[in-house]
Amino acid sequence: MPELPEVETVRRSLLPVVIDKEIQEVEIFLEKAVRPIAPEELKLALIGRKIEDLLRRGKYLIFILDNSQRVAFHLRMTGKLLYKAGLSAPEKHTTLILSFSDGNSLHFVDPRKFGTVVLYEPANPPAGLKKLGPEPVADKKEVVLFSLKTAASRRKGPIKGLLLDQTVIAGLGNIYADETLFRAGVHPTCPAREITAQEWERIYQSIQEILTKAINHRGTTRQDYVDGRGEPGEYQNYLNVYGRKEESCLVCGGTINYTRVAGRGTHYCPNCQPLKKV
DNA sequence: GAACCCCTGGTT
DNA sequence: AACCAGGGGTTC
């Protein structure tokens with residue numbers, strides 16, 4: 001599942017090969033992925049444009065075109081953006097292909113068909129992008145902590161749900177939310193409004209350390225995720241709790257629990273992440 | 001703010 | 001054959 005470190009890795013892998021490329025052809029195989037305009041409109045808008053930059057915001061990848069319009073891709077769970085050298089036939093589940101005038105192309109492949117492509121003007125970003133909370137690593141600590149604490153004071157639900165809320169903090173998904181709470185020693189069902197100042201500090205630090213390390217290891221590959229060159233990541237070798245149901249905790253030797261929190265499968269160590277007594 | 005939905009492939 | 005994975009939009 002591409003979360004912030006995976007999307008950032010895709011960005012870094014694609015940037016050198018797409019920059020200054022001219023889009024010569026656009027093939028759309030899954031029309032419902034294109035929003036909010038008709039697929040034909042997207043083709044007309046893109047053909048002849050050059051890519052000037054590639055940015056990331058939360059889990060969105062954003063192509064900046066030479067007329068200042070932007071194209072945002074969201075990979076959702078199984079989306080892949082693959083750079084292909086030379087002529088290459090679309091593989092199964094290809095949503096869209098951008099072909100460049102140099103003969104190479106970019107394939108958006110997405111088995112689950114949840115991924116989206118949005119064309120927009122900088123002044124009118126799509127709602128999901130506009131509503132995103134702060135960038136956990138790039139934004140200032142006080143901005144990130146203020147967003148977390150403010151949201152926490154207004155809601156009843158568990159801390160895990162808060163970390164997954166993209167309008168509160170951008171880019172964490174199920175893997176990194178579980179890993180963050182383990183590292184911070186906070187139980188995932190702890191009500192967000194009961195998190196102490198000391199715990200907020202640990203949660204913030206854990207987010208920094210985990211996301212930075214995950215980016216350095218080029219993301220987590222479990223089933224689907226690969227970067228723009230088709231390369232898997234390595235951070236799966238550093239996971240402490242995610243996907244380790246019933247296995248022993250690498251810190252205390254206890255057993256990793258698996259339960260459902262905020263609608264998501266949730267992994268935690270009951271010993272390292274104790275529930276606070278009231 | 002929870003429940004449901006979108007989807008397919010892998011697992012039970 | 002049924003069930004599960006889960007990001008985010010929609011709906012209640």
Side-chain angles (χ1 to χ4, degrees), chain A residues 1-10 28-37 56-62 72-81 90-96 107-118 120 125-133 135-136 148 150-181 188-194 211 214 219-226 232 236 239 241-246 256-268:
Chain A
M1 296 108 245
E3 306 179 24
L4 187 154
E6 290 77 32
V7 179
E8 177 61 20
T9 303
V10 173
I28 296 167
F29 304 99
L30 183 70
E31 303 208 336
K32 75 170 194 83
V34 177
R35 311 196 180 156
I37 54 172
R56 182 194 56 74
R57 176 78 172 95
K59 301 174 192 171
Y60 290 84
L61 265 177
I62 304 169
F73 285 79
H74 198 299
L75 308 177
R76 288 297 208 279
M77 262 95 71
T78 56
K80 297 189 276 271
L81 268 177
E91 60 187 85
K92 199 176 179 184
H93 305 306
T94 298
T95 293
L96 164 153
H107 293 221
F108 184 25
V109 179
D110 184 14
R112 301 274 290 273
K113 300 181 166 66
F114 290 168
T116 54
V117 187
V118 183
Y120 65 99
L129 191 50
K130 192 174 183 176
K131 288 191 307 185
L132 285 179
E135 279 294 316
L148 286 168
T150 306
S153 71
R154 293 178 190 165
R155 79 160 70 188
K156 288 193 195 125
I159 179 63
K160 170 146 178 185
L162 194 85
L163 295 182
L164 290 172
D165 186 338
Q166 302 300 298
T167 70
V168 174
I169 183 167
L172 294 182
N174 209 32
I175 296 174
Y176 298 105
D178 280 2
E179 292 297 312
T180 292
L181 291 172
T189 64
C190 178
R193 55 167 55 154
E194 291 176 18
L211 293 183
T220 299
T221 297
R222 290 173 52 76
Q223 294 140 18
D224 298 293
Y225 166 73
V226 289
Q236 63 275 16
L239 297 174
V241 287
Y242 188 87
R244 303 195 64 245
K245 173 185 179 180
E246 311 279 294
I256 303 301
N257 273 15
Y258 180 79
T259 182
R260 191 155 284 271
V261 181
R264 299 278 178 255
T266 298
H267 314 72
Y268 66 101

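This one's a predicted model, so the numbers in the text were calculated from it and none came from an experiment.
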Indicate whether OP1 or OP2 belonging to [N] is found under 4.0 Å from a side-chain N or O atom of [X].
X	N	result
A:K156	B:dA2	no
A:K59	C:dG7	no
A:H93	B:dG9	yes

What is the nucleic acid contact for [X], judged by heavy atoms within less than 4.0 Å: base, sugar-phosphate only, or nothing?
X	value
A:Y176	nothing
A:G263	nothing
A:Y242	sugar-phosphate
A:K131	nothing

**Study point:** Closest-nucleotide 5' rank along DNA chain B - winner of A:Q223 and A:R154
**Key:** A:R154

Can you tell me which nucleotide in [options] comes closest to the side chain of [X]?
X	options	value
A:K32	C:dA5, C:dG7, B:dC6	B:dC6
A:K113	C:dA5, B:dT8, B:dG9	B:dT8
A:F114	B:dT8, B:dC6, C:dG9	B:dC6
A:R155	B:dC6, B:dG1, C:dG7	B:dG1
A:R76	C:dG8, B:dT8, B:dG9	C:dG8
A:R260	B:dC7, C:dA5, B:dG9	C:dA5

Whole angstrom is fine here: how far is it from [atom1] in [X] over to [atom2] in [N]?
X	N	atom1	atom2	value
A:R264	B:dA2	CZ	P	12 Å
A:M1	B:dG10	CE	C1'	12 Å
A:Y225	C:dG7	OH	P	15 Å
A:L164	C:dA5	CG	P	14 Å
A:H74	C:dG7	NE2	C1'	6 Å
A:D110	B:dC7	CG	C1'	9 Å
A:L4	C:dG7	CG	P	13 Å
A:L129	C:dG7	CG	P	18 Å

**Study point:** Spacing of the P atoms in B:dG9 and C:dG8 (rounded, Å)
**Key:** 22 Å

Any side-chain donor near an acceptor of the partner, [X] and [Y], under 3.5 Å:
X	Y	answer
A:K245	A:N257	no
A:Q166	A:Y60	no
A:T189	A:Y268	no

Practice item. Answer yes if the ring centres of A:F73 and A:F108 are under 6.0 angstrom apart, and no otherwise. Key: yes

Practice item. Apply side-chain hydrogen bond (donor to acceptor under 3.5 Å, both in side chains) to A:H93 and A:D110, showing your working. Key: CA-CA 6 Å; A:H93 305 306; A:D110 184 14; over 6 Å; no

Review point. Any Lys/Arg nitrogen of A:E3 or A:K59 sitting under 4.0 Å from an Asp/Glu carboxylate oxygen of the other?
Key: no

Check your understanding: Is A:R35 side chain donor-acceptor paired with the C:dG9 base, going by distance under 3.5 Å alone?
Key -> no

